[in-house]
Amino acid sequence: QVQLLQSGGGSVQTGGSLTLACTASGRPFCSHVLGWFPQTPGKEREFVAAIRWGSGRTYYADSVKGRFTISKDGPKSTMYLQMSSLKEEDTAVYFCAKDNSYPISRTTKLWGQGTQDTVSS
C-alpha cells in the first residue's frame, strides 16, 4: 500500500534547471529519512541529497552542494529536489527512496519508479 510516486523529470541544456517531486502514499513518520539517488548504466545508485522528515535537516553530496536543494511539503507528503547549474554528468535516472535512518541504505525496499533527467550541451 505504501509507495513513492515520482514526477518532474525531463531534458535541459547545460546550466539549466529541473525540479523533481516524490509523493508518498501516506504521511512519513517524523523519524523517517527521504532522499535522492541517481543511477547511470553499469553503476550503483549514488546518494546526492537527503532530508530528515521531522526536523527538516538536509544532507548533500559534495558534487551537488550549492547547486541542488532538497525540501519537503509535509501536508502533501511530497519531497522536492531543485536542481540548478546542471552539468552533463548529472544525467541519470533519479530515484527517490525512504529509510528509517540516515544514511539511506541502497538495500532499502521503498523506492520510487525513477525518472530520466538528461543534461546536454
Side-chain angles (χ1 to χ4, degrees):
Q1 185 175 359
V2 178
Q3 62 183 37
L4 301 176
L5 181 62
Q6 298 179 222
S7 61
S11 299
V12 297
Q13 292 186 323
T14 299
S17 300
L18 286 171
T19 298
L20 307 180
C22 175
T23 299
S25 61
R27 185 178 183 275
F29 294 119
C30 291
S31 59
H32 287 169
V33 180
L34 284 82
W36 295 94
F37 289 75
Q39 185 174 34
T40 55
K43 297 182 179 180
E44 293 185 334
R45 297 175 186 181
E46 297 181 345
F47 163 82
V48 293
I51 185 167
R52 293 187 181 273
W53 202 255
S55 69
R57 184 173 182 178
T58 58
Y59 305 86
Y60 297 96
D62 288 342
S63 61
V64 305
K65 286 181 178 178
R67 300 190 299 119
F68 290 12
T69 301
I70 189 170
S71 62
K72 66 180 179 70
D73 185 330
K76 294 182 178 180
S77 297
T78 299
M79 173 181 63
Y80 302 93
L81 185 67
Q82 298 171 267
M83 303 182 290
S84 61
S85 301
L86 284 163
K87 308 173 182 178
E88 289 187 21
E89 51 262 44
D90 295 320
T91 294
V93 177
Y94 282 73
F95 294 87
C96 65
K98 182 196 75 67
D99 209 341
N100 296 322
S101 63
Y102 182 85
I104 297 171
S105 173
R106 292 187 182 94
T107 62
T108 186
K109 297 295 185 180
L110 189 55
W111 295 92
Q113 80 275 22
T115 55
Q116 176 69 52
D117 297 324
T118 302
V119 185
S120 62
S121 60

Side-chain touch M79/C96, heavy atoms, less than 4.5 angstrom: yes
Any side-chain donor-acceptor pair under 3.5 Å between E88 and S121? yes
Have Y102 and R57 got a donor and an acceptor in their side chains that come within less than 3.5 Å? no
If you look at every heavy atom in G35 and I104, which pair is closest and at what distance? N-CD1, 3.3 Å
Distance from S71 atom OG to L81 atom CG, nearest 0.5 Å? 8.5 Å
Can you find a heavy atom in the side chain of K98 that is under 4.5 Å from one in the side chain of T108? no
Restricting to non-hydrogen atoms, name the atom on A50 and the atom on V33 that form the minimum distance, rounded to 0.1 Å. CB-CG1, 4.1 Å
Report the distance from atom CG of D90 to atom OG of S63, rounding to the nearest 0.5 Å. 7.5 Å
Could you check whether any side-chain N or O of S25 sits under 3.5 Å from a backbone N or O of Q3, counting only pairs where one atom can act as donor and the other as acceptor? yes
Considering only heavy atoms from C-beta outward, does the side chain of R67 approach that of K87 to under 4.5 Å? yes
Are the side chains of I51 and Y59 in touch, meaning some heavy atoms are under 4.5 Å apart? no
Taking the side chain as everything from C-beta on, heavy atoms only, tell me whether I70 gets closer than 4.5 Å to K72. no
Would you call Q13 and V119 a side-chain contact if the rule is heavy atoms closer than 4.5 Å? no
Hey, could you give me the NZ/CG distance between K109 and D99, rounded to the nearest 0.5 Å? 12.0 Å
Donor-acceptor pair between T78 and T23 side chains, under 3.5 angstrom: yes
Stepwise, does the side-chain contact (heavy atoms from CB on, under 4.5 Å) test hold for L20 with D117? CA-CA 9 Å; L20 307 180; D117 297 324; 3.3 Å; yes
Which pairs count as ring pair (Phe, Tyr, Trp, His ring centres under 6.0 Å) when at least one residue sits in residues 67-98, sequence neighbours excluded? none
Minimum heavy-atom separation for A49 to F47, with atom names? C-CE1, 3.3 Å
Would you compute the distance between atom CE of M83 and atom OG of S17 and round it to the nearest 0.5 angstrom? 9.0 Å
If you define the side chain from C-beta out and look only at heavy atoms, does anything of F37 sit under 4.5 Å from W111? yes
Could you tell me whether the side chain of Y60 reaches within less than 4.5 Å of the side chain of V48, counting heavy atoms only? no
Taking all non-hydrogen atoms of both residues, which atom of Q39 and which atom of K43 are closest, and how far apart? NE2-O, 3.1 Å
Kindly say whether G114 contributes a backbone atom to a donor-acceptor pair with the side chain of Q6 at under 3.5 angstrom? yes
I need the L4 CG to L34 CG distance, nearest 0.5 Å. 6.5 Å
Hey, any chance L86 and V93 share a hydrophobic cluster, counting ILVMFWY side chains that come within less than 4.5 Å of each other, even indirectly? no
